[in-house]
Structures are given as structure tokens and as C-alpha cells.
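Okay, structure first, notes after.
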Number of protein chains: 2
Amino acid sequence: MHKDSNQTKYSMLISYLKEEILLGRIKPGEQIPSENTLAKKLSLSRHTVRKAISMLANEGYVYTEHGRGTYCADRNKTRVETKNIGVITTYISEYIFPRVVQGIDRVLSENGYSIILKNTGNNTEKESAYLEEMLEKNIDGLIIEPTKSAMYTNNLKYYEALENHGIPYVFIHGYYQKMEDKPQVILDDEAGMYSVASYLTELGHREIIGIFKADDIQGINRHKGYARALARIGIPYNPDNVIWFYTEDRAVKPAATIRTMLENKHGIDAVACYNDEIAFKVYETLRDFGVRVPEDVSVTGYDDSYFSSNCPVKLTTVNHPKDMLGEAAARLLLEMMKNPAMGREQTRKVIVPELVVKDSCAKK
Amino acid sequence: MHKDSNQTKYSMLISYLKEEILLGRIKPGEQIPSENTLAKKLSLSRHTVRKAISMLANEGYVYTEHGRGTYCADRNKTRVETKNIGVITTYISEYIFPRVVQGIDRVLSENGYSIILKNTGNNTEKESAYLEEMLEKNIDGLIIEPTKSAMYTNNLKYYEALENHGIPYVFIHGYYQKMEDKPQVILDDEAGMYSVASYLTELGHREIIGIFKADDIQGINRHKGYARALARIGIPYNPDNVIWFYTEDRAVKPAATIRTMLENKHGIDAVACYNDEIAFKVYETLRDFGVRVPEDVSVTGYDDSYFSSNCPVKLTTVNHPKDMLGEAAARLLLEMMKNPAMGREQTRKVIVPELVVKDSCAKK
DNA sequence: CAGTTTAACATGTATGCACAAGTAATTTTA
DNA sequence: TAAAATTACTTGTGCATACATGTTAAACTG
């Protein structure tokens with residue numbers, strides 16, 4: 001420290017440390033001496049050292065961590081915090097979305113962040129537009145439910161841009177297959193459907209119809225769980241027992257196909273449905289056909305929604321830890337913002353849902 | 001200074017001064033009390049006061065002049081459009097909230113705006129905190145569903161501050177009685193319940209039980225419509241036929257009271273319920289008691305939600321133009337931002353809901 | 001040896017004191 | 001009366017001390 005002496009002590013210390021950092025003698029991430037060490041070495045009071053360091057922190061040269069120490073910042077990467085987090089959702093399942101957003105909001109609000117909300121309506125072009133808008137808005141982080149997660153996406157460039165800008169993001173509820181190593185919080189759909197299908201086989205059912213959604217990764221995974229559960233006890237996979245539908249079909253196709261099966265006397269022991277809404281429709285179709293649930297046919301739903309509890313025969317289903325999903329995503333994002341260099345193992349969180357047994361299944 | 005006590009002293013002082021500035025009680029250019037004055041008045045050390053002031057200076061709220069004093073900065077001069085609109089909602093009716101937000105989002109997104117979302121969980125203190133946060137975030141406008149709209153509020157100062165800063169705001173779904181001339185988009189709850197109750201009287205019913213929520217303005221207004229419809233055809237108002245409940249009661253009290261009435265052979269021709277959820281529970285209670293709907297007793301809901309369509313006997317109800325409500329609020333706000341000097345007549349929008357006749361009512 | 005406790009050390013909050021230095025109004029002085 | 005000195009304020013710099021709180025690694029314990 002060899003500066004003009006008509007300056008103040010703290011400003012001398014500031015210029016000294018600044019120089020060390022700018023000349024690369026203290027490297028980004030490197031710890032600088034503790035306040036007490038500096039004070040002793042330079043014969044200053046701790047207060048004076050502290051003032052210098054706090055001003056350096058304000059200018060972005062260093063950052064402090066309570067209880068650990070003070071570190072040299074990487075000045076190329078520091079951006080202005082907006083305290084806003086982007087949240088992009090897709091097609092809104094009315095009974096899932098609000099709770100997930102609530103979970104996210106709870107955690108983020110506690111930490112002084114706000115949500116900027118966008119809905120894509122499962123429209124890929126809107127997803128592009130909103131990702132671009134988020135980049136412009138200088139958000140501090142992003143939580144996104146991918147649009148048509150089982151299909152091809154050409155929005156990869158936006159995710160790269162986010163990475164280049166050092167803006168962390170977390171997939172929620174689904175992911176693109178090209179990006180399966182990216183940060184994500186998802187439900188184990190395969191395990192969920194596996195437990196449902198296993199439950200049905202254990203009740204003695206063999207002709208188990210499966211109804212799955214074809215354009216979401218959730219549908220793909222639930223189908224896997226279904227197939228695995230049947231395979232486990234040696235039931236050969238029968239494509240005639242599987243009904244696939246798309247977002248656009250969902251109000252008609254599943255119920256109509258079941259009706260056709262009934263008319264054609266296709267053997268049915270049980271129906272494992274993609275979700276409660278489908279299960280509710282299947283229940284109504286069976287009832288209208290004079291088939292009793294669960295005495296003649298067992299039916300299962302998925303999501304543990306109001307469809308499951310409002311159905312005259314309460315539907316056995318799989319719970320959907322909506323709040324937890326949102327909270328977990330928000331927590332992961334907060335951690336990533338704190339510690340930008342998190343390993344891949346730490347950024348994938350899988351929540352295993354649980355079977356909820358109600359009244360719609362019986363032994364064969 | 002009346003902030004939470006688990007904060008530090010200097011941060012309490014910071015929030016106090018920030019509030020004074022944001023609410024316009026200290027005006028730009030005005031001198032704030034000297035460090036010693038503040039220290040003495042608040043029983044703090046000068047150092048603590050100094051720390052608070054230096055942080056405020058860093059954030060641009062004040063500026064200091066050596067030897068002269070500390071002054072309030074003019075933050076309006078640095079304000080730019082953020083293209084962000086604040087949306088504050090309260091207790092989340094899961095089946096209403098997402099659609100309203102969707103409606104708001106559709107209109108705002110079309111115009112290049114984004115939503116910053118906050119939920120108060122019907123907690124007045126959270127409402128304060130979020131209003132303050134919105135003021136800090138430099139939003140371009142605000143749509144807010146008031147918390148506990150039938151009760152007293154002491155958040156008026158924040159609305160005044162919004163006006164001082166030239167930030168337009170719109171109440172949605174409810175309003176405070178002290179602020180009934182402020183911009184708002186609401187449903188005509190009185191008219192809605194009036195049409196339901198009139199429908200029931202026209203079917204020949206006379207002993208009409210009414211179930212209403214006591215802590216929302218909606219409940220108060222629906223009760224008015226109920227009373228007016230009965231009065232119209234000369235039925236005297238009978239308090240024994242009216243059941244009041246609170247947010248905390250809602251799962252138990254309405255159904256329990258109906259059960260008691262049945263046990264006491266209280267005459268019941270029809271039950272007009274506050275909403276579909278209540279109506280669903282009432283239906284179940286009647287069914288369990290062996291009372292047929294609609295042959296013995298007619299039941300009506302309100303909101304045209306999934307409860308109405310999932311009920312074994314589809315419930316006659318009143319539609320809730322959720323999307324329209326959100327859209328109307330967003331449009332009104334956009335107009336106000338364009339033309340800041342809008343007259344009062346133009347800023348109040350009342351949407352009249354419509355009766356939706358289904359299967360739960362019959363002639364007497 | 002895995003799990004817990006403890007001690008050492010980091011930053012964070014808060015107080016007290018002393019004096020430096022800039023500003024503005026009042027008082028004194030030539 | 002005009003310039004200078006005084007005085008009473010303001011913010012700025014600096015030191016000593018105390019205890020609170022978070023982190024980490026070494027020591028201890030079952």
C-alpha cells in the first residue's frame with residue numbers, strides 16, 4: 001500500500017484491493033484476508049476495513065458470505081438484480097396450476113422475489129415470444145413448464161441464451177428429451193402409474209385397459225409404468241388394451257373407445273386412466289352401459305383432484321404434490337442463483353407420488 | 001415506526017424512511033432529519049442511523065451533502081416504462097382464479113405487458129407488503145382483488161401513493177366501501193342472486209333457505225338480492241331461513257345447519273346457496289337424509305363451476321364470467337394508462353351474471 | 001467409525017466516543 | 001458597515017468494544 005497520504009485510510013485500502021483484483025493478483029472466487037487479519041496487518045480498526053470492503057461489495061468487486069469470508073467477484077458476470085422471476089406455464093390444468101404457482105410464490109415471496117407470469121396455452125410460438133420477452137425483462141431466474149414436452153422444439157436457442165446471460169432456469173413438470181440433463185423438478189410418472197397398475201394386478205385383474213396422453217412426456221412415462229407393471233407378473237403387452245389420445249381428442253376419444261370396446265365385448269377387468277378427468281368420463285360411460293364400478297370393472301384416476309372426490313364412486317387415484325412441486329422448483333432455482341456452478345446431480349429433483357386408495361377398485 | 005421486531009434496527013429505519021418517501025410524506029428535495037436528531041428520537045446510536053441512511057443513498061432514495069444535510073431524491077425523474085402490470089389476488093378459489101388471471105393475461109400479453117403476480121392468502125399484512133413491493137418495482141399499473149373486502153382496511157395510504165405516483169389501478173371482484181368510487185370491475189352479485197331467488201319463487205317455492213358468506217362483500221350483496229326477490233312477491237323476511245357462515249366455517253356449518261333443520265322438520269321448499277361448493281354439500285346432506293333433489297327440495301348453486309356439473313343431479317346455478325371479468329379489468333387499466341384523466345362514470349364496470357338452468361330445481 | 005459436540009473463526013449488528021471538515025447564520029471587530 | 005471570527009449545526013472519518021449469528025473442521029462420544 002503505497003498511495004498518496006492525503007487520502008482517507010479506507011479509500012487507500014479500497015484502491016489497494018481494487019488494484020490487486022484488476023491486475024489479477026486476486027482471482028475471481030479467491031478468498032481475501034478476513035477483516036481482522038487486514039486490520040491487524042495494516043494497523044487499522046476493523047470498522048475501517050469493513051467500510052472499505054462494504055464499498056467494494058457495493059461496486060461489485062467482492063461479495064461476502066456470512067460466517068465464511070469475503071471473495072473476489074467475477075465482474076464479467078454480475079448483472080443488475082431485478083428481484084423478478086419468470087414463470088411460464090403451459091396448458092392450464094385448472095386444478096393443478098394454481099397450487100403449483102402458489103407453492104412457487106410462497107418460497108419466492110419469502111425471499112423477496114416476485115413472479116412474472118406467462119401462459120403459453122401449449123402453443124410453441126407463444127413460448128418463443130415469451131422466452132424472448134423474459135430475456136429482455138432482465139429476470140433473475142426462470143421456472144418453465146415446457147410446451148408439448150414430448151414433441152420437437154426449436155426453442156433451444158433461447159435456453160442457450162439464458163445460459164450465456166447467466167440466468168438460471170428450472171424445468172417443472174416435464175422436460176424436452178434433448179435437454180434431459182438440465183435442471184428440473186418433475187414427478188416420477190412411471191413410478192406413479194407402476195404403483196396403480198401393480199395395485200390392479202394384485203387385485204387379480206388381467207385385462208387392464210390403459211388410457212394415455214400421447215403428446216406429453218407425462219403420458220409417455222405413465223405408459224412405461226403401466227407396461228412395466230404388467231410385464232412384472234408376466235402379462236404379455238397387448239396394444240389392443242392401450243388407448244392413446246391427444247390434447248385435442250381428450251373430451252371424446254377415451255370414452256368413445258371404451259364404449260366401442262363394450263359394444264364389441266372386448267374383455268375389461270379394469271381401466272387405468274391418464275388422469276381423474278378421463279376416469280370420471282370412463283366411469284360415466286360404464287355406468288350408462290349398465291356396468292357397475294367397482295363390482296364389474298375397476299377404474300383408476302390420476303392427480304387426486306376434485307374429479308376423484310366428486311365422482312359418485314370415489315376414484316382410487318395417485319396424489320399430485322402440487323405445492324411441493326412448486327416449492328421444490330423455487331428452492332432449486334434460489335440455490336442455483338446463489339451458487340451458479342451447481343453439479344448436474346444436484347439439479348435434478350424427482351418427486352415420487354403415492355397411490356391413494358378410495359372406492360373404485362375391487363378384487364376380481 | 002411499527003415494523004416487525006425480528007428485523008434489525010437499521011433495516012426497520014430503512015423501511016420506515018422508504019415508506020415515508022414512497023408514500024410521498026417526504027417529498028423530493030425535502031430535507032430529512034439529521035443523523036443526531038433521528039438517533040435521539042429513535043433511541044439509536046448515530047452509527048446505526050448512518051448505516052441506514054447510507055444504504056438508502058446507495059439505493060437512490062436520498063442523497064447527502066457534506067455539512068448541509070440529507071435530502072429526499074426525486075425518483076420519478078428516473079422512472080421508465082417497465083411493461084409490467086401488478087396483479088394481486090386474495091384467497092384463491094381454485095376454480096375462479098386461474099381463469100380470471102388467464103383473461104387478464106390474454107389482453108395484457110396482446111399489448112406487450114406482463115403480469116407480476118402476488119397472492120395475499122386473504123392476509124391484510126401481506127397485502128401491505130405486496131403493495132409496497134409493487135411501488136418499489138415501478139409497475140405501470142395494478143389490478144387488485146381487495147383482501148377481506150367487507151372488513152376495515154388500513155391500506156388506503158398505498159392507494160393514495162399509487163395515485164401520487166401516477167400509477168393507475170383497478171379493483172376486481174370486490175371493493176372497499178370507503179373506496180366505492182374508485183376504478184373497479186365487479187359482478188352484480190345482487191342481481192345474480194335476485195334472478196336465482198326469483199326463479200325459485202316462480203316455480204312456486206315459498207320456504208326458501210338462503211346460505212350466505214358473511215365476510216365478503218359478495219356474500220352481503222347476494223343476500224340483498226335474495227331478500228329483494230322474496231319481498232317482490234310479498235314473502236316476509238324470515239331470519240330463520242337464512243344461514244350465515246365465515247371462511248373458516250365453510251366446510252361444516254352450512255351442511256350441519258341444514259341437517260339440523262331436517263331433523264327439526266323445519267319446512268324447506270328450496271335452498272339457494274352462496275356457491276356451487278356449498279350447494280354440492282347441501283345436495284349430499286339432503287340425499288343422505290333421503291330427501292330427493294329436485295322432486296322434494298330444489299337446490300341452486302352459484303359460479304357454474306365443476307361442482308355444478310359433477311354433481312349427480314346437475315346444479316342450476318349462476319354463471320361466473322371469469323375470463324370476461326379479467327379481460328374487462330385489463331382493458332379498463334389499459335385505457336386508464338392511455339388516458340390518465342378518465343371520469344368516474346367510465347371507470348366502473350358492472351357485469352351482470354346469468355342464470356344457468358340445469359336439473360336441480362322443479363315446480364312445487 | 002458414524003454421528004454429535006465443541007471451539008475457532010468468519011461476517012453482521014450495535015453502541016460509545018472523539019475529532020475532522022463543510023455550511024450557514026450570528027456575533028464580533030476593524 | 002463590511003470583513004472576520006465565532007458558534008452551532010451538518011456529514012465524514014476513525015477507533016475500541018461487545019455480542020449475535022453463520023460456517024467449518026477438529027475433537028469427542030456412543
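Within the 4.5 Å cutoff, the side chain of B:Y158 has no heavy atoms near those of the B:E127 side chain. Within the 4.5 Å cutoff, the side chain of A:E132 has no heavy atoms near those of the A:K137 side chain. Annotation: side chain of B:L131 is not in contact with side chain of B:L135 (no heavy-atom distance under 4.5 Å).
Rounded to an integer number of Å, the gap from A:N36 CG to C:dC9 P is 10 Å. Note: CG (B:L42) to C1' (C:dA14) measures 15 Å, nearest angstrom. One atom, CZ of B:R46, and another, C1' of C:dC17, lie 11 Å apart when rounded to the nearest Å. Per the geometry, CZ belonging to B:R50 stands 17 Å off P belonging to C:dT13, to the nearest Å. Distance A:N58 CG to C:dG12 P: 12 Å, rounded to the nearest Å. Per the geometry, NE2 belonging to A:H47 stands 14 Å off P belonging to C:dT15, to the nearest Å.
Residues of residues 64-72 of chain B having a heavy atom closer than 4.0 Å to DNA chain C, listed by number: B:H66, B:G67, B:R68.
At a threshold of 4.0 angstrom between heavy atoms, the contacts of A:S11 with the nucleic acid are absent.
Atom NZ of B:K41 has 12 or fewer heavy atoms from other residues, nucleotides or ligands within 6.0 Å.
Salt-bridge check for A:K182 with A:E163: passed, with a basic side-chain N closer than 4.0 Å to an acidic carboxylate O.
Running 5' to 3' along DNA chain D, contacts with non-hydrogen atoms of chain A at under 4.0 Å begin and end at D:dT13 to D:dT24.
A cation-pi arrangement, defined by a distance under 6.0 Å to the six-membered ring centre and an angle within 45 degrees of its axis, is present between A:R348 and A:Y175.
Residue A:I217 holds its CD1 atom at 11.0 Å from OH of A:Y176, rounded to the nearest 0.5 Å. Distance CG/B:L13 to OG1/B:T48: 9.0 Å, rounded to 0.5 Å.
Looking at which nucleotide of DNA chain D each of A:K51 and B:S34 is closest to, the 5′-most match is held by B:S34.
The one candidate from B:L117, B:I144, B:N119 that meets the side-chain contact (heavy atoms from CB on, under 4.5 Å) condition with B:V87 is B:L117.
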